[in-house]
Amino acid sequence: MSKPQHFHFVLLLSTVVVALAAIANATAATSITPRFKEAPSFYNSPDCPLIIDENHDFSILFSGQPVHVAMTLDTAYIRGTVAAILSILQHSSCPQNIAFHFVASADASLLRATISSSFPHLNFLVYPFYDSSVSRLISTSIRSALDCPLNYARSYLANLLPSCVHRVVYLDSDLVLIDEIAKLAATPLGDNSVLAAPEYCNANFTSYFTSTFWSNTYFSLTFANRKACYFNTGVMVIDLDRWREGDYTTKIEEWMEVQKRMRIYELGSLPPFLLVFAGNIVPVDHRWNQHGLGGDNFIGLCRDLHHGPVSLLHWSGKGKPWARLDANRPCPLDALWEPYDLLQPKTPFALDS
């Protein structure tokens with residue numbers, strides 16, 4: 001084959017390869033991104049302050065007094081995120097005064113389009129999160145899903161969100177609210193606290209760290225003079241100004257670096273938060289995080305609600321309601337999540353008697 005012919009053949013082959021790759025990527029994106037129906041429109045009550053205009057001017061939004069909500073956004077949990085958004089809007093008296101901040105590590109444009117099509121009037125921004133910013137610090141944990149770099153994005157919210165966002169409610173994607181989120185967002189943080197979350201002081205706090213941690217005199221003194229209790233990081237109210245002033249992202253990263261060397265815990269992104277904040281947070285009523293509905297981190301068995309009132313249902317643990325519904329093996333409480341599921345078409349399910 002002559003050189004000109006060889007050149008044209010290589011060029012043609014390259015073009016075909018690129019085209020096939022584009023088709024494969026498009027097919028993969030279509031196959032992994034579910035389709036959702038459009039949510040109904042929700043409007044502010046007459047008593048809501050006017051924060052934004054009909055053009056979604058975010059400069060006005062940031063200068064007002066909205067409720068800022070931060071969540072992660074990925075293809076694996078997009079179904080849960082959509083359900084969580086719907087539950088927040090449906091139970092808010094001022095839904096148009098809520099600003100959503102989504103942190104996405106991949107497929108950001110596709111995920112942005114998915115949210116826009118389901119919630120055409122939603123006030124939201126999407127922030128790219130690069131795996132390289134944290135992947136070097138991640139150690140393997142007891143469940144592979146916990147090792148996803150995006151699972152650590154909550155530690156970087158103060159860096160990602162604009163400095164004009166002073167307070168944010170961070171929420172996981174496997175939950176729904178059945179109460180007014182503004183009540184949670186208004187949690188008083190006192191004069192010094194950086195964050196607020198429901199505490200669980202009856203949990204065995206020592207179990208969140210290894211014997212290597214507790215046998216080290218220096219490490220075990222970490223919680224001296226602190227009434228350290230477990231708290232779930234899937235629901236937090238965070239003062240971003242105080243976080244930035246205290247450079248708490250660096251403090252969390254320092255513990256992650258220790259973990260890489262000495263294996264002082266087993267459970268993903270939670271222990272560094274406990275090491276930095278446990279005993280120094282503002283406790284929130286347990287109604288705002290009825291967690292553990294996804295069972296443990298190994299099997300994901302069905303669980304009942306904790307005693308007391310409920311404002312937020314959280315399927316933390318291995319079992320996710322959408323997966324159990326699709327498998328036609330739902331837990332009884334999964335029926336409380338299903339009304340917020342906008343997936344189309346849905347898989348029929350039946351609860352065992």
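Below, each value reflects all heavy atoms present in this structure, side chains not excepted, and no hydrogens, waters or symmetry copies.
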Taking the side chain from [X] and the backbone from [Y], do they hold a donor-acceptor pair closer than 3.5 Å?
{"X": "K320", "Y": "W315", "answer": "yes"}
{"X": "Q259", "Y": "I264", "answer": "yes"}
{"X": "R287", "Y": "G308", "answer": "no"}
{"X": "D131", "Y": "P149", "answer": "no"}

Original post:
Is a salt bridge present between R79 and D326, judged by a nitrogen-to-oxygen distance below 4.0 Å?
Top reply: yes
Original post:
Under 4.0 Å between a Lys/Arg side-chain N and an Asp/Glu carboxylate O for R303 and D296?
Top reply: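 Judged by the 4.0 Å cut-off on N to carboxylate O distance, R303 and D296 do not form a salt bridge.
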Subject >> Test salt bridge (Lys or Arg N to Asp or Glu O under 4.0 Å) applied to D74 - qualifying residues, sequence neighbours left out >> reply: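 Expected list: none.
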Original post:
What residues, two or more places apart in sequence or in another chain, satisfy salt bridge (Lys or Arg N to Asp or Glu O under 4.0 Å) together with D241?
Top reply: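 R244.
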Original post:
Would V82 and V126 show up in the same hydrophobic cluster when neighbours are defined by side-chain heavy atoms closer than 4.5 Å?
Top reply: yes
**OP:** Give a yes or no on this: more than 12 heavy atoms of other residues, nucleotides or ligands lie within 6.0 Å of atom NZ of K260.
**Re:** yes
**OP:** Would you kindly say whether S92 and E180 are connected by a side-chain donor-acceptor distance under 3.5 Å?
**Re:** yes
Original post:
Side chains of T140 and D147: do they bring a donor and an acceptor to under 3.5 Å?
Top reply: no
Is any side-chain heavy atom of [Y] closer than 4.5 Å to one of [X]?
{"X": "C48", "Y": "Q96", "value": "no"}
{"X": "V258", "Y": "F213", "value": "no"}
{"X": "N232", "Y": "F273", "value": "no"}

Measure up the [X] and [Y] rings against each other and bin them: parallel (under 30°), tilted (30 to 60°), perpendicular (over 60°).
{"X": "F102", "Y": "F100", "answer": "parallel"}
{"X": "Y156", "Y": "F129", "answer": "tilted"}
{"X": "Y340", "Y": "H91", "answer": "tilted"}
{"X": "W214", "Y": "F223", "answer": "tilted"}

**OP:** Search all heavy atoms of A278 against all heavy atoms of R226 and return the closest pair with its distance.
**Re:**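 So the two residues come closest at O-NH2, 2.7 Å.
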Subject >> Contact summary for S193 and R242, nearest pair of heavy atoms >> reply: O-NH1, 2.7 Å
Subject >> Candidates F231, Y230, W243 - the one meeting ring-ring contact (aromatic ring centres under 6.0 Å, His included) with F277 >> reply: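 Option passing the ring-ring contact (aromatic ring centres under 6.0 Å, His included) with F277: W243.
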